[in-house]
2 protein chains.
Amino acid sequence: MDVLKSEIINKSLSPETPERLLEAAGEVFAEKGFRNATIRDICKRAGANIAAVNYHFGDKEHLYIEVIKYAHRTLVKYQTDLGLDDNASAEERLKAFIMSFLLRIHEDGSPAWHGKLMLRELTEPTRALDTFVEDTIRPQFNLLNSIVKEVIGNEATIQEVRASSFSIIGQCLFYFHAMPVINRLVPQQKFKVKDIERLAEHISRFSLTALRNRDEGEEKYR
Amino acid sequence: MDVLKSEIINKSLSPETPERLLEAAGEVFAEKGFRNATIRDICKRAGANIAAVNYHFGDKEHLYIEVIKYAHRTLVKYQTDLGLDDNASAEERLKAFIMSFLLRIHEDGSPAWHGKLMLRELTEPTRALDTFVEDTIRPQFNLLNSIVKEVIGNEATIQEVRASSFSIIGQCLFYFHAMPVINRLVPQQKFKVKDIERLAEHISRFSLTALRNRDEGEEKYR
DNA sequence: AAATGTATCAAACAATTGTATGAATGTCAA
DNA sequence: TTGACATTCATACAATTGTTTGATACATTT
């Protein structure tokens, strides 16, 4: 409603329904997956008619593609502002990266479905994954790689850097993928913002000590 | 009704069709998920009639439950024999654990669908997850915890031990969850048995150095 | 006011789904 | 053989799905 004023300048007069459809479809797709999501459910949540999807987006698949784009659009807003100064050390930047990663994935706030949808694309990829990897994931991966390389030192091979990055991402993603199992294994553990911070602390410590003492492991195992 | 009775009493008479159904259903469920899997597809792969599922298992949901049990039955066979002697060090046991974990998850052999099905249960749990956690996952988790505690030392709190175990499992699971993304990020990387071994080597090194130098991280961050 | 084009609506369509049914086939004991 | 039983088969059914259609309401322009 607030943004309606600025949007009116553009072409058509009804920007509301498509946006409501995108938001509702995002929730449903994230929750049920592409095929289990029904157009009727989406339209019902959006307060729109059953024919609205076909009218505004053509068909279900095109709606999904637009949802992915929509999610990507709002995700890039989040991931830029880490709030750390330019001359921060690699260690600090790594910790900020992990914290940001965890928060972005674990948000219970308004755009909660973005993360779930991303997870679905990771696990059961659709045609949308290719552009998703190139536009969203690879930049993040490159950023993490550069941080890791700086912590390890310049003697690290690209393979070692990548493997270490995967180790870090894997630790973060675990708390997202395996949530139902975690809740059953350790029922008393909660995941409020405070706990996420503690989690980021642990992963940072774990990873940083592993990276800094890499030479020790090397001489031990080579 | 009499379906269950007959299934129990003389299973020696016609063990073929139910078993073929379980095997085919395992593949399809793992590949498509519960709701996207069609009975027609399952029966077709099993070389059985469309009515076979309803006859032998009642309905689709009971078939799924039996598939989970069936998968669990064959999984426990794999996970016991790690092939390490009794007086092995904690470090060696950790490495063996990781290697076994990765191999079990990454097998391209005959029972390839067990892992995928497990992943589906992790991500989108059904009623079968509860018993699955208690019977299969928790014992493994306890085993890993004991190993980690031995590496760190007795001064470690239970929370630290658990978090470290999660860090290790997370690294392993990542190469299972995010495979489509990994293939796009690093297309040249292959995952033959040889590569799995190298992977286990990396995760072991990464985790062991993190665990052994835990005190360093502590004084740095506390 | 009339005309035009856009958006929404209820209803119906064809395809696919899980499930049920009754006949046909096979098996084995009496 | 006959008869009882378990199994398999083709077919049908009801429910749900994505999609289409034609009528209707609304806003802007002529």
Side-chain angles (χ1 to χ4, degrees), chain A residues 1 3-29 31-68 124 126-128, chain B residues 1-29 31-68 126-128:
Chain A
M1 292 294 191
V3 283
L4 189 81
K5 203 173 173 183
S6 56
E7 298 275 342
I8 270 187
I9 312 173
N10 278 7
K11 41 200 174 168
S12 60
L13 277 187
S14 65
E16 270 206 38
T17 307
E19 180 131 354
R20 286 206 319 273
L21 281 175
L22 284 177
E23 200 65 38
E27 297 177 12
V28 180
F29 281 141
E31 196 174 314
K32 312 261 183 101
F34 175 76
R35 209 176 145 195
N36 291 351
T38 73
I39 287 190
R40 279 170 177 80
D41 187 11
I42 292 173
C43 291
K44 195 174 179 181
R45 293 203 202 189
N49 188 267
I50 313 181
V53 165
N54 284 272
Y55 180 77
H56 289 284
F57 296 95
D59 59 4
K60 191 182 177 184
E61 182 159 348
H62 282 81
L63 170 64
Y64 183 79
I65 294 178
E66 291 304 317
V67 167
I68 293 287
E124 27 188 311
T126 69
R127 276 186 275 283
Chain B
M1 346 261 184
D2 48 10
V3 177
L4 298 180
K5 209 184 302 177
S6 63
E7 216 268 327
I8 296 177
I9 292 180
N10 55 2
K11 58 179 179 181
S12 58
L13 271 189
S14 63
E16 273 208 28
T17 306
E19 180 132 355
R20 285 205 321 271
L21 280 175
L22 284 177
E23 200 65 39
E27 296 177 12
V28 180
F29 280 141
E31 196 174 313
K32 312 260 184 100
F34 175 76
R35 204 171 150 202
N36 290 352
T38 73
I39 289 190
R40 280 169 176 81
D41 187 11
I42 292 173
C43 291
K44 196 174 178 182
R45 291 202 204 189
N49 187 268
I50 314 181
V53 165
N54 283 273
Y55 179 76
H56 288 284
F57 296 95
D59 58 4
K60 191 182 177 183
E61 183 160 348
H62 282 80
L63 170 64
Y64 183 79
I65 294 177
E66 291 304 318
V67 167
I68 293 286
T126 68
R127 279 186 271 284

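A distance of 10.0 Å separates CG in A:Leu21 from CD in A:Glu19, rounded to the nearest 0.5 Å. Note that the CZ atom of A:Phe34 and the OG1 atom of A:Thr126 stand 8.0 Å from one another [nearest 0.5 Å].
Side-chain contact between A:Leu63 and A:Phe29: present, with at least one pair of heavy atoms (C-beta onward) separated by less than 4.5 Å. Between B:Asp59 and B:Val53 the shortest side-chain heavy-atom distance does not fall below 4.5 Å.
Protein atom CD of B:Glu19 is 17 Å distant from nucleotide atom C1' of D:dT7, rounded to whole Å. Atom C1' of nucleotide D:dT19 and atom CD1 of A:Ile42 are separated by 14 Å, given to the nearest angstrom. In this structure, the NE2 atom of B:His62 is 17 Å from the C1' atom of C:dA20, given to the nearest Å. One interatomic measurement links the two molecules: CG of A:Leu63 to C1' of D:dT19, which rounds to 14 Å at whole-angstrom precision. Between B:His56 atom NE2 and D:dA6 atom P the separation is 12 Å, expressed in whole Å. Atom P of nucleotide C:dA7 and atom CZ of A:Phe57 are separated by 12 Å, given to the nearest angstrom. Rounded to an integer number of Å, the gap from B:Arg20 CZ to D:dT7 P is 13 Å. Nucleotide C:dT8 holds its C1' atom 13 Å from the CD atom of A:Glu16, rounded to whole Å.
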Starting at the 5' end of nucleotides 11-18 of chain D, put B wherever the base has a protein heavy atom under 4.0 Å, S where only the sugar-phosphate does, and a dash everywhere else.
-> -B----BB
What side-chain donor-acceptor pairs closer than 3.5 Å can you find for residues 39-46 of chain B, not counting sequence neighbours?
residue : atom : partner : partner atom : Å
B:Asp41 : OD1  : B:Arg45 : NE           : 3.4
B:Arg45 : NH1  : B:Glu27 : OE1          : 3.3

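Nearest heavy-atom pair across A:Arg20 and A:Gly47 is NH2-O, 3.7 Å.
The shortest distance between the side-chain N/O atoms of A:Thr17 and the OP1/OP2 oxygens of C:dT8 is below 4.0 Å.
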